[in-house]
Protein chains: 2
Amino acid sequence: MATENDDLVDALAQISFATMAVLSKAAADNDLSLTQLRVLGILRDRRMRMAALAGFLGLEKSTLSGLVDRAERRGLLERAPSAGDGRAVDVFITPVGAAHAARVHASIRQALSPLTNELAPAEQRRLQSLLEKILPPNVPS
Amino acid sequence: MATENDDLVDALAQISFATMAVLSKAAADNDLSLTQLRVLGILRDRRMRMAALAGFLGLEKSTLSGLVDRAERRGLLERAPSAGDGRAVDVFITPVGAAHAARVHASIRQALSPLTNELAPAEQRRLQSLLEKILPPNVPS
DNA sequence: TATTGTTATACTCTATAACTATA
DNA sequence: TATAGTTATAGAGTATAACAATA
């Protein structure tokens, strides 16, 4: 069952663990979980209904309720009735939340660059183009 | 502050989110969390003391106690007194745990290969070697 | 009846602090 | 005194099930 690209799959998994460790730490340093960071990233440039956002994140509605509760309590997000459907609720980012997200994203770039700087410029370009080839289409932010 | 390798950093982050989603799902399908999966992967070929394993994972000792408790209750791991230091405790994987881990790893490879198969064989080799260059040294399994 | 969202409940993961036993 | 590990406690993230309000 093992094919010759098992090593590539392993390398991908390992690089992902290492990257996610960096992302988690950057988020944690700014008092955000990885999920909160994802939410802020998604809402950076749009307002969404709860159900749509939950679907986007692959989470249950009830999970998102708690997530938004906590973020709203901290002033990072806000809720408002959705126009047109009396049942629906929109969520959107606040200026405070946006500033927070921007700060974390900057520190992520900084924390990750030592990794990428292991490579010569030409190799960096090559790696980027290979990664972009295998990247699934609709990954937000 | 933005440098020309921001796009590479972004690609790395995105590929990591996509990969981790696959890993999480494969683990969840087998009733394991990502952390449990990591633990099983690490213990696949070694026996470790609690403190060493916690350090390896970047977790507190108390966190690992709970993690090992639950895995032990399910028959995936076992504890035993460590030879030579009366305070220390070794953890190791059981045959059941090893079988479990092997199953998840197989399904991860399977789930990830559509991604890597977007590339021609030569590109796969190139990507693997680039990833291995930037991989931090002591990432296990 | 079906959909949107919240609440209640339960479990896992995580950390901090206090504790026991050994070194 | 310092180190190894556990326990107690608390909070976040997650899901399932039951519910209210609207469609």
Side-chain angles (χ1 to χ4, degrees), chain A residues 17 20-21 23-42 47-74 76-92 100 104, chain B residues 17 20-21 23-43 47-74 76-92 100:
Chain A
F17 269 117
M20 295 309 285
L23 297 192
S24 298
K25 183 172 183 320
D29 286 349
N30 287 272
D31 285 302
L32 291 174
S33 71
L34 220 36
T35 307
Q36 301 269 18
L37 181 59
R38 263 184 96 195
V39 170
L40 294 186
I42 290 168
R47 155 195 284 244
M48 286 181 89
R49 288 160 62 142
M50 292 289 287
L53 182 53
F56 215 69
L57 293 163
L59 298 174
E60 288 302 314
K61 306 175 296 178
S62 60
T63 300
L64 187 62
S65 281
L67 230 29
V68 172
D69 282 350
R70 290 183 290 274
E72 197 173 23
R73 230 178 283 135
R74 294 173 56 189
L76 304 175
L77 298 180
E78 271 180 40
R79 275 185 250 233
S82 187
D85 187 334
R87 299 167 299 180
V89 171
D90 284 346
V91 210
F92 55 93
H100 223 75
V104 183
Chain B
F17 269 117
M20 295 309 285
L23 298 191
S24 299
K25 180 170 186 321
D29 285 350
N30 288 272
D31 285 302
L32 292 175
S33 70
L34 218 37
T35 308
Q36 301 268 18
L37 181 59
R38 262 185 97 192
V39 169
L40 294 186
I42 291 168
L43 296 182
R47 156 193 283 243
M48 286 180 89
R49 288 160 63 141
M50 292 290 285
L53 182 53
F56 217 68
L57 293 162
L59 297 172
E60 288 301 314
K61 304 175 297 178
S62 61
T63 299
L64 187 62
S65 281
L67 230 28
V68 172
D69 282 350
R70 289 183 291 274
E72 197 173 23
R73 230 178 283 135
R74 294 174 54 190
L76 305 174
L77 298 180
E78 271 180 40
R79 276 185 251 232
S82 187
D85 187 334
R87 299 167 299 178
V89 171
D90 283 347
V91 210
F92 54 94
H100 223 73

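Quantities reported herein were computed from a predicted structural model and do not represent experimental measurements.
- Projected onto DNA chain D by closest heavy-atom contact, A:G84 and B:A52 fall at different nucleotides, the more 5' of which corresponds to B:A52.
- Annotation: side chain of B:F92 is not in contact with side chain of B:L77 (no heavy-atom distance under 4.5 Å).
- Side chain of B:S24 to main chain of B:M20: a donor-acceptor pair is present (N/O by atom type, distance under 3.5 Å, no hydrogens or angles).
- Of the listed residues (B:L59, B:L64, B:L67), just one forms a side chain to side chain contact (heavy atoms under 4.5 Å, CB included) with B:L53, and that residue is B:L64.
- For the pair A:R79 CZ and C:dT7 C1', the interatomic distance rounds to 12 Å; values are reported in whole Å.
- Sorted by first and then second residue, the side chain to side chain donor-acceptor pair (under 3.5 Å) pairs involving residues 65-74 of chain B (not counting sequence neighbours) are B:D69-B:R79, B:E72-B:R79.
- Heavy-atom distances to DNA chain C give each of A:L64 and B:L59 a nearest nucleotide, and the one nearer the 5′ end belongs to A:L64.
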Requested in this report: Give the intermediate values and the outcome of side chain to side chain contact (heavy atoms under 4.5 Å, CB included) for residues A:R49 and A:V89.
Outcome: CA-CA 5 Å; A:R49 288 160 62 142; A:V89 171; over 6 Å; no

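- For the pair A:D69 CG and C:dT6 P, the computed distance is 7 Å after rounding to whole Å.
- Within the nucleic acid shown, A:T63 comes within 4.0 Å of at least one base atom, counting heavy atoms only.
- Looking at heavy-atom distances under 4.0 Å, A:L67 makes contact with sugar-phosphate atoms alone, never a base.
- The side chain of A:R70 places an N or O atom within less than 4.0 Å of a non-bridging phosphate oxygen (OP1 or OP2) of D:dG13.
- Put simply, the side chain of A:H100 gets close to the backbone of A:N30: a donor and an acceptor are under 3.5 Å apart.
- Checked against C:dA15, D:dT16, C:dT4, the side chain of A:E60 finds its nearest nucleotide in D:dT16.
- Between A:K25 atom NZ and C:dT14 atom P the separation is 16 Å, expressed in whole Å.
- Between B:L57 atom CG and C:dC13 atom P there is a gap of 12 Å when expressed in whole angstrom units.
- In this structure, of D:dT16, D:dT6, C:dT14, it is D:dT6 that holds the atom nearest to the side chain of B:S65.
- Between B:E78 and B:D90 there is no side-chain heavy-atom pair separated by less than 4.5 Å.
- One atom, CD of B:E72, and another, P of C:dT12, lie 15 Å apart when rounded to the nearest Å.
- Nearest to the side-chain atoms of A:T35 among the listed nucleotides D:dA4, D:dT14, C:dC13 stands D:dT14.
- Per the geometry, CG belonging to A:D31 stands 14 Å off P belonging to C:dA15, to the nearest Å.
- The nearest pair of heavy atoms linking A:L32 to A:Q36 is CD2-CB, 3.9 Å.
- Rounded to whole Å, atom P of C:dC13 lies 16 Å from atom CG of A:L34.
- In this structure, CE of A:M50 is placed 17 Å from P of D:dT22, rounded to the nearest angstrom.
- Residue B:R49 places no side-chain N or O under 4.0 Å from the OP1 or OP2 atom of D:dT3.
- When the side-chain nitrogen and oxygen atoms of B:S33 are compared with OP1 and OP2 of C:dT12, none of them lie within a distance under 4.0 Å.
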Mind listing the N/O atom pairs, protein and nucleotides 17-22 of chain C, below 3.5 Å?
none

